[in-house]
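First the structure, in the form of structure tokens, and then the observations on it.
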Amino acid sequence: MSTFNHRVCPATGLRIHKSAENLIKANAFVAIVFLAVGGLFGLLVALTRWPGVHILPADWFYLSLTAHGLDVLLVWIIFFEMAVMYFASAVLLNSRLAAPRWAWTAFILMLVGAVITNVAVLQGNSSVMFTSYVPMQAAPNFYLGLILFAVGALIGCFVFFGTLVVARDEKTYEGSIPLVTFGAMVAAIIAVFTIASGAIILVPTWLWSLGLIGNIDSLMYKTIWWAMGHSSQQINVAAHVSIWYLVAAVVLGAKPLSEKVSRGAFLLYIFFLQLASAHHLLVDPGISSEWKIFNTSYAMYLAVLGSMIHGMTVPGSIEAAQRARGFTKGLFGWLRNAPWGNPAFSAMFISLITFGFLGGISGVVMGVEQINLIIHNTIYVPGHFHATVVLGTTLAFMAATYLLVPLIFQRELIMKKMAMWQPYIFGLGVTGISVFMMGAGTLGVPRRHWDISGADSIIKFDFPGAAYLMMGLNGMFAILATLGGIMFVLIIVGSLLFGKKTGDEPLKGLTMETATEYGSMEHPKIPGTLVLVGVFFVTFILYYFVNWKYLAEVWPLR
Amino acid sequence: MAITPPPERIWWNLPVARSEIVWIIVAFLWGLVMFSGMVYWHLEGEQNLSNEAYRITPEAYLEKATAMVEQYQVREDAGMPVVHPPPGSDVYLVARLWQWWPIIEFEKGQSYRLHLSSMDWLHGFSLQPVNINLEVHPGYDMVVTITPTDSGEFGVVCNEFCGIGHHQMIGKILVTE
Amino acid sequence: MANSEDTNTSDPGDERIPTMQKLLDNPFLLLFIGVVMPTVFYIIWGIMEIVTIPIAK
């Protein structure tokens, strides 16, 4: 084995490369800063869409919405994913990080890019939304910042792949890479496609904004932009599923029920997940139904199959681990006795359940070619993706952060009581946001809209009272979610500054309740998980057919 | 564990629990059902989006729309022409900053070839409270054959962000008995 | 963390690794698949759809 500047992790015995550790810290910290900034913009957006409050004027609303989308959907998530990739490669493979200098270059490019784009947005002439559909034009720096950010992220991906090669060549591990590393690799693969698509479309758009290119076709832009825009959310799916496995392993010592099944499910992601970019083009002109049906269904729902498999194997591995530890009573004794006071576990489990029931089901249903007609561009869409990206990804990343603080930052959490409550408050807040936005969306309320009352419009249209009620409830739950977000930032930043240094003491307290493996059982029994999966499946079927019924009631179209 | 390499050198050949296999099969079949659902609806369902579309310049589209308005205008409402085109005809709706032009009057139960195109940026055709939502691009003329089955007054809300006046962009479709 | 479990004794070290496991252990082959699939089915097919939209009469 090679030698490099490292410390030995007291909990796992793994060698932790100093450069890798610093990069994980830097990326995770910047990520959380942008989460705080973007989250506060989100609160302003929600308070403006609360008809009774309507806090911002129109120009500031659209500015805030653009900044919200960029900072949380892109900057927070991709920075954190860099941290996850470096952790999953260098740390879990017991290896040094390949080319730390390149990794720092990536970090600086991403940071500079994120700042440039944010400044362009705050200057006020780039309120074009996260999607920046042409021919609406932003300031050139808006695109330039995004391009720099993307180049940085691409370099980060290659540092990850380089580390896989280094670890294999230097034989820092035996056999196949761990499942969590494999999942992070799937995220990196999707990221490469995502960023390449982004370059294909954003570079010409930047040149167009400088006046060097005459015209960019709006349909072409939208198609290729979503190869980036939607795939970047698929990076998240792969990353947060990996984190589910990570948290289950670290907190409960859970091991995958079957390496073959879990990796096979990830393989389905590699093949099919990115096709779902087509979800955004289902009601656009001129594209054939064959293309739409094939792509929107991830080639016959094979990537959904992957997610449904993870939806069983993640709780299943937790149940098996808990039963092995003696919690065998009844169907759900293992779940009742799970470490609900450990924020890493509770955040992870809430992420798992809400991603499946809210985000997953709604995503598949609205991605049905024809059902999209009654959902496209309504506020149902942000309702759906707050369930996937905030409940699924952000909450999973919060869970991971609760592990990184002791493991990588080597600090004890402060305000443990508050940390115990944080995932529940944040989870409940965002669940409310998702549910009420989806509800308002079924009543036709548009997304990205400053004032649904039509007060300034010559022609009026009145949305039903229930729509106003739900937008108000959305605002209230956004306040709750913001509270949860502020708690998170306070706890983490506070712990990094004031938390007790853990040094080389064995870890105790909130994390690492047990990291011991349980004996190898051929086929552990998981009856509780089977019940959960059954409930999920029935919900899925009912919701799917209910939406066909809604569709059947609208005016016939050919 | 998920954070360590698999203990077995060859893990691919290890047996998989029956409950997992059953779930994989069930989930796969459900995927096939959902996939067939979309195909089935093309054959039997009444709400399918046509793929008929043409490339057209905004000027040429506006010319066609203006000609239609001149031919079928019946009155004016809120400073906007109201057209009552004959059933089965081509009806042109113009999306531009920040209005839907003109106001269209349909007859219930009749079919019309509704054209949609934008003069400037992207717009979103959102017919409320029916809740039919379509994306409207500049440079493309999308044709959908639409059959109103309710009478009354309907709003056309813009649901694709189109700048500072986006919220003012509300149009009207009337359906007479 | 060291492997605390016994390796399966019926699994001699020189047994051929199954093809699927080899595929899953090959990051660059997977990267190739993960980029080519959406490029062909989503981007290239999609662009062909758009450029074949006829011009209005």
Side-chain angles (χ1 to χ4, degrees), chain A residues 58-59 92 129 133 135-136 173-176 178-180 218-219 245-246 249 255-261 283-286 288-289 293 297 300-301 304-305 308-309 312 368-370 373-374 376-377 444 446 448-451 454 456-459 461 517 523 530 533 551 554-558, chain B residues 1-6 9 11-12 14 16-17 19-20 23-24 27-28 31-32 34-35 38 41-42 45-51 53 78 121-122 124 126 128-135 137-140 142 144-149 155 157 159-161 163-164 166-168 170-172:
Chain A
D59 51 349
L92 291 184
M129 302 292 123
Y133 290 143
M136 187 185 282
Y173 67 97
E174 269 176 50
S176 306
L179 179 61
V180 171
S218 66
L219 190 51
Y245 283 111
L246 170 79
K255 64 174 191 177
L257 297 173
S258 158
E259 293 280 354
K260 175 181 176 173
V261 170
V283 298
D284 285 56
S288 71
S289 292
I293 290 178
S297 70
M300 302 206 283
Y301 292 101
V304 175
L305 173 61
M308 287 171 82
I309 293 171
M312 174 197 224
V368 172
E369 190 206 3
Q370 295 94 338
L373 278 167
I374 58 172
H376 193 85
N377 271 352
R448 296 173 164 177
H449 200 278
W450 178 62
D451 178 20
D456 295 353
S457 182
I458 301 161
I459 299 173
F461 175 75
E517 285 192 47
H523 292 310
L530 297 182
V533 166
L551 176 72
V554 309
W555 296 359
L557 287 174
R558 278 182 279 121
Chain B
M1 290 206 295
I3 55 172
T4 50
R9 194 178 78 93
W11 42 264
W12 183 263
L14 295 178
V16 176
S19 54
E20 280 184 275
W23 176 236
I24 292 169
F28 175 73
L32 287 186
M34 290 194 295
F35 183 78
M38 289 191 284
W41 202 260
H42 271 282
E46 295 203 304
Q47 293 80 10
N48 285 294
L49 188 55
S50 114
N51 305 127
W121 294 342
L122 260 69
S126 179
Q128 295 299 339
V130 184
N131 210 1
I132 290 174
N133 303 279
L134 303 166
E135 197 81 40
H137 283 259
Y140 293 93
M142 172 154 69
V144 291
T145 302
I146 191 166
T147 314
T149 47
V157 177
N159 70 2
E160 183 62 83
F161 172 65
I164 195 73
H166 173 45
H167 63 281
Q168 301 164 7
I170 302 177
K172 205 192 294 190

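None of these values were measured; they are calculated from a predicted model. Note on naming: letters A, B, ... go to the chains in the order of the sequence lines (proteins, then strands), and numbering restarts at 1 for each one.
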- Message: Any non-hydrogen side-chain atom of B/L14 less than 4.5 Å from a side-chain atom of A/K260?
- Response: no
- Query: Is a side-chain donor-acceptor pair under 3.5 Å present for A/N377 with B/S126?
  - Reply: no
- Query: Are the side chain of A/D451 and the backbone N or O of B/H167 linked by a donor-acceptor pair below 3.5 Å?
  - Reply: no
- Heavy-atom contact with chain A under 4.5 Å, split by part of B/V157: side chain
- Query: At a heavy-atom separation under 4.5 Å, does B/F161 approach chain A through its side chain, its backbone, both, or neither?
  - Reply: both
- Where is the tightest heavy-atom contact between A/G454 and B/I170, given as atom of each residue plus distance? CA-CD1, 3.9 Å
- Message: Using side-chain contact (heavy atoms from CB on, under 4.5 Å), reason through B/W41 and A/V368 one step at a time and then give a plain yes or no.
- Response: CA-CA 11 Å; B/W41 202 260; A/V368 172; over 6 Å; no
- Looking only at A/S457, A/A58, A/P556, most heavy-atom pairs under 4.5 Å shared with chain B are made by A/P556
- Evaluation steps, side-chain contact (heavy atoms from CB on, under 4.5 Å), between A/F461 and B/K172: CA-CA 8 Å; A/F461 175 75; B/K172 205 192 294 190; over 6 Å; no
- Message: If I take atom CG from residue B/L134 and atom CG from residue A/L373, how far apart are they, to the nearest 0.5 angstrom?
- Response: 6.0 Å
- Query: Can you name the closest pair of heavy atoms from B/G163 and A/M136 and give their distance?
  - Reply: N-CE, 3.5 Å
- Item | Side-chain touch B/P6/A/E259, heavy atoms, less than 4.5 angstrom | yes
- Side-chain contact, heavy-atom cut-off 4.5 Å: A/L557 with B/N48? no
- Task: Against chain A, work out which of B/N159, B/V130, B/L49, B/T147 has the most heavy-atom pairs shorter than 4.5 Å and name it.
- Result: B/N159
- Beyond-backbone contact of A/I293 with B/H42, side-chain heavy atoms, under 4.5 angstrom: yes
- Atom group of A/Y245 that falls short of 4.5 Å from chain B, counting heavy atoms: both
- Task: Name the option with the most non-hydrogen atom pairs under 4.5 Å to chain B; the candidates are A/L246, A/L219, A/L92, A/I458.
- Result: A/L219
- Item | pair B/I164-A/D59: side-chain heavy atoms closer than 4.5 Å | yes
- Query: Where do A/I459 and B/G171 come nearest, in terms of heavy atoms and distance?
  - Reply: CG2-O, 3.9 Å
- Can A/I374 and B/I132 be said to form a side-chain contact (heavy atoms from CB on, under 4.5 Å), step by step? CA-CA 5 Å; A/I374 58 172; B/I132 290 174; 5.6 Å; no
- Heavy-atom pairs under 4.5 Å with chain A are the metric here; pick the option from B/Q168, B/M38, B/M142 that has the most. B/M38
- Output, in order, the C-alpha distance, side-chain angles, deciding distance and verdict of side-chain hydrogen bond (donor to acceptor under 3.5 Å, both in side chains) for A/D284 and B/H137. CA-CA 8 Å; A/D284 285 56; B/H137 283 259; 2.6 Å; yes
- Nearest atoms (heavy-atom pairs only) where B/L122 meets A/S218: CD1-CB, 3.6 Å
- Task: Could you pull out the closest heavy-atom pair between B/H166 and A/H449, with the gap in Å?
- Result: NE2-CD2, 3.5 Å
- Message: Counting only non-hydrogen atoms closer than 4.5 Å, does B/W23 touch chain A with its backbone (N, CA, C, O), its side chain (CB onward), both, or neither?
- Response: side chain
- Item | Side-chain heavy atoms of B/I24 within contact of A/V261, under 4.5 Å | yes
- Would you name the heavy atoms of B/E135 and A/H376 that are closest together and state the gap between them? OE1-NE2, 2.6 Å
- Message: So does A/W555 get a backbone contact from the side chain of B/E46, meaning a donor-acceptor N/O pair under 3.5 Å?
- Response: no
- Query: Pick from A/R448, A/M300, A/E369: which one has the most heavy-atom pairs with chain B under 4.5 Å?
  - Reply: A/M300
- Query: Does atom CZ of B/F28 have more than 12 heavy-atom neighbours, drawn from other residues, nucleotides or ligands, at distances under 6.0 Å?
  - Reply: no
- Where does A/L530 contact chain B at under 4.5 Å (heavy atoms): side chain, backbone, both or neither? side chain
- Message: Counting C-beta onward and ignoring hydrogens, is there a side-chain heavy-atom pair between A/P178 and B/M1 closer than 4.5 Å?
- Response: no
- Query: Do the non-hydrogen side-chain atoms of B/E20 and A/S258 ever get within less than 4.5 Å of each other?
  - Reply: yes
- Among B/G45, B/G139, B/P138, residue most engaged with chain A (heavy-atom pairs, under 4.5 Å): B/P138
- Item | Between A/S176, A/G175, A/S297, A/P446, the one whose heavy-atom pairs under 4.5 Å with chain B are most numerous | A/S176
